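Structure first, then comments.
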Amino acid sequence: MKRRVARLLEHGIAPASILPVTFTRVAAEDLHRELVSMDVAGADGLTGVTLHSLAMRMLMRNHVLGATGRVPRPLNDFELEPLICDLMGAHGGKKAVKKFKQAYEAAWARLQHEHPGYVLDPADATFQHDLLNWLRFHRAMLIGEVIPQLYQYLRNNPAAQERAEFQHILVDEYQDLNRAEQSVIALLSDHAQVCIVGDDDQSIYSFKHAHPDGIRQWLVANAGADDLGLDDCRRCPTRVVQMANSLIDHNQIRPVPRALVPLPTNGPGDVRIVQYPSLTNEVNGVANIIAGMVANGTPPGDILVLAQRGVIGTPIYEALVARQIPVRSYYAEAELDALEARRAFAKLKLLIDRDDRVALRWLVGIDGNNWHAAGYRRVRDHCEASGLTPWQVLEQIAAGNLSLPHTGGIVVAFNDLVAELDALEALPDLASIVDELFPAGQIATRDIRQLSLDILAEMDMEEGIDGEDINSEFLSRLQEAINQPDIPSEIQDVRIMSLHKSKGLSAPVTIIAGCIQGLLPKQPDNTLPAAQQALEMEEQRRLFYVGITRVKAAPNAGKPGTLILTYSQTMPLASALGAGIAPAQMQYGLASLHASQFIAELGPAAPQPIAG
DNA sequence: GGGAGAGACGTTTTT
DNA sequence: CGTCTCTCCC
């Protein structure tokens with residue numbers, strides 16, 4: 001992709017008419033950095049984007065806003081709670097609402113509406129009606145709606161300028177896109193030449209409704225396209241390539257069975273498989289291995305630790321911190337885990353935009369059981385009848401000019417909120433607001449404070465951001481940093497993350513911890529039909545395949561490429577149950593564990609496991 | 001309507 | 001283990 005973009009730029013194609021789409025922001029930044037480093041004229045004007053950020057940008061345009069009638073204000077995960085409570089009364093409880101919502105997003109991701117004979121179940125239809133009313137009233141959008149909204153806009157407006165904006169579109173990781181995403185690409189490419197890159201054997205996003213068949217269908221729909229196979233594995237040591245080939249060969253349902261071709265000059269690499277008596281031993285063993293490597297001169301940034309659950313990754317992180325090895329953990333959007341962080345973040349949103357109805361809904365509900373759903377229902381009904389905003393209605397109740405039953409708790413919260421917002425408004429600048437909302441030394445807001453300070457510093461360096469824009473620019477950058485955390489590929493720290501997050505990265509030393517049956521592969525969902533379970537198992541195998549092929553051999557630089565797979569015989573039963581790990585046996589608070597079946601499937605090229 | 005307490009149930013991965 | 005649901009009671 002990088003070379004193709006470089007060639008287009010050299011031929012004088014305008015950077016703005018080239019769209020390189022990548023799956024994650026990491027990959028987008030990687031591409032951008034590499035193009036700049038290649039010193040191609042025009043590379044500066046080129047922005048690699050994720051499909052998601054492109055969609056947000058297009059939906060924000062005035063003429064698009066008018067056409068869709070929807071506000072692209074995505075809901076954070078934590079902001080879904082009051083939505084769920086507001087809908088649970090009419091739709092059979094929280095679990096039912098979550099299921100309905102999941103089905104709604106899945107239908108859009110798969111574009112089920114376009115399938116001939118598709119009929120919407122009446123219960124789903126009423127739910128969708130109520131959901132959309134909630135979202136319209138609160139001027140917001142589900143994250144899962146962002147791409148479908150753009151899809152609808154593009155499909156219904158064949159003359160839209162957006163459909164002819166690009167001359168060249170390049171898409172990475174095509175197998176990880178769902179139908180809606182693939183269709184958006186197709187609609188954007190009316191006047192463009194398209195190049196897609198993907199690998200069936202790395203499709204690991206079925207829970208996001210990825211549509212890997214799209215690659216083969218694309219070749220049929222675009223007859224005459226060049227189809228180039230890339231079978232040489234330039235990254236991995238030869239022994240790892242043999243193991244990966246043996247592993248993936250166990251997948252029966254492969255449309256195009258194919259083997260990676262090892263590059264002999266990469267050398268065999270260094271592969272170890274280690275079993276420990278307990279999770280504690282495994283954690284310490286991994287930490288000691290890393291400490292030994294760092295002491296012998298391996299840069300910490302060369303080491304990548306993959307673990308599919310926080311209960312395994314986090315203790316390794318802490319063990320490394322204790323050994324004073326620079327390390328970063330990339331589990332979930334941790335900045336907003338703590339209630340105090342959510343509260344402060346919601347206040348910031350409301351401070352910057354008093355019309356942010358979602359933030360207001362959240363803040364007035366937070367103290368109540370079920371988010372004061374009953375009282376809020378009355379506030380909203382009154383808004384809809386009178387045409388007033390929620391803020392105005394709450395002001396009237398607070399002033400005693402209006403009385404609605406069951407709104408006592410809401411009004412108490414509203415009065416507190418008004419006082420706090422007034423106090424924040426009186427502060428001289430953003431830096432003091434950040435200081436007040438995320439105070440120094442408060443554990444719950446430590447991460448979001450750091451993120452905010454970094455963004456403030458970054459904005460100070462730039463010119464041309466002034467006046468009223470500062471606040472909203474700050475908020476949108478903070479929001480983006482929380483939603484899509486940076487995972488830089490060049491870094492000074494040991495990186496610890498899930499296997500999904502490791503996609504697109506590579507490292508001279510890769511360690512996969514917790515290779516146990518019941519976690520990797522996870523326990524199949526036995527309520528599903530057998531065929532479905534088989535598909536799940538194959539995806540788990542692809543996940544492990546992605547993991548082991550992160551190892552990078554650079555024998556000339558003294559880095560042979562090291563892969564270490566570890567697992568343990570036992571772990572505390574509570575940790576296992578809490579993390580959804582199905583133990584082989586359980587007794588006296590201890591879960592007995594077995595080695596992942598994938599270890600044996602690595603075949604004869606894999607070394608014998610050793611005891612650690 | 002909403003609080004307290006008992007029992008059932010699901011647990012992850014990402015934009 | 002934490003969250004959700006159900007029941008009982010005010």
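Within every chain, numbering begins at 1; the chains are lettered A, B, ... in the order of the sequence lines, protein sequences first and strands thereafter. Since the structure is predicted, the reported quantities are computational estimates derived from the model, not experimental observations.
- Taking side-chain N and O atoms only, A/Ser53 has no distance below 4.0 Å to OP1 or OP2 of B/dT15.
- Ion pair A/Lys522/A/Glu539 not flagged as a salt bridge, since none of the NZ, NE, NH1 or NH2 atoms sits closer than 4.0 Å to an Asp/Glu carboxylate oxygen.
- Here A/Phe207 and A/His500 bring their ring centres to under 6.0 angstrom of each other.
- For A/His372, the listed nucleotide lying nearest its side chain is B/dG2; candidates were B/dT13, B/dG2, B/dT12.
- Under 4.0 Å is where a charged nitrogen must lie from a carboxylate oxygen, and between A/Arg377 and A/Asp381 at least one such pair does.
- Judged by centroid separation below 5.5 Å and plane tilt below 30°, A/Phe207 stacks onto the base of B/dT13.
- Rounded to whole Å, atom P of B/dT14 lies 16 Å from atom CD of A/Glu105.
- Rounded to whole Å, the distance from CD on A/Gln308 to P on B/dT12 is 12 Å.
- Look at CG on A/Asn76: it is 16 Å from P on B/dT14, rounded to the nearest Å.
- Atom NE2 of A/His372 is separated from atom CG of A/Asp86 by 12.0 Å, given to the nearest 0.5 angstrom.
- In this structure, A/His406 reaches the sugar-phosphate backbone alone: every heavy-atom distance under 4.0 Å involves primed, P, OP1 or OP2 atoms, never a base.
- Going from atom OH of A/Tyr205 over to atom P of B/dT15 covers 6 Å, rounded to whole Å.
- Side-chain atoms of A/Val379 and A/Leu394, non-hydrogen and from C-beta on, do get closer than 4.5 Å to each other.
- In this structure, A/Lys208 reaches the bases: a heavy-atom distance under 4.0 Å links it to at least one base atom across the strands shown.
- Ranking B/dG2, C/dT5, B/dT15 by closeness to the A/His52 side chain, first place goes to B/dT15.
- Where A/Gln540 and A/Gly375 meet DNA chain B, the nucleotide closest to each residue was compared, and A/Gly375 sits on the side nearer the 5' end.
- For A/Tyr376 and B/dG1, the OH to P distance is 17 Å, given to the nearest whole Å.
- We find that CG of A/Asp172 is positioned 15 Å from C1' of B/dT15, with the value rounded to whole Å.
- The nearest whole Å value for the distance from the NZ atom in A/Lys501 to the C1' atom in B/dT15 is 12 Å.
- An OP1 or OP2 oxygen of C/dT5 is reached within less than 4.0 angstrom by no side-chain nitrogen or oxygen of A/Lys94.
- Rounded to an integer number of Å, the gap from A/Leu87 CG to C/dC4 P is 15 Å.
- Among the nucleotides B/dT15, B/dG1, B/dT13, the one closest to the side chain of A/Ile143 is B/dT15.
- For A/Lys98, a side-chain nitrogen or oxygen approaches OP1 or OP2 of C/dC4 to under 4.0 Å.
- When each of A/Ala374 and A/Ile204 is assigned the nucleotide of DNA chain B with its nearest heavy atom, A/Ala374 is the one assigned upstream, toward the 5' end.
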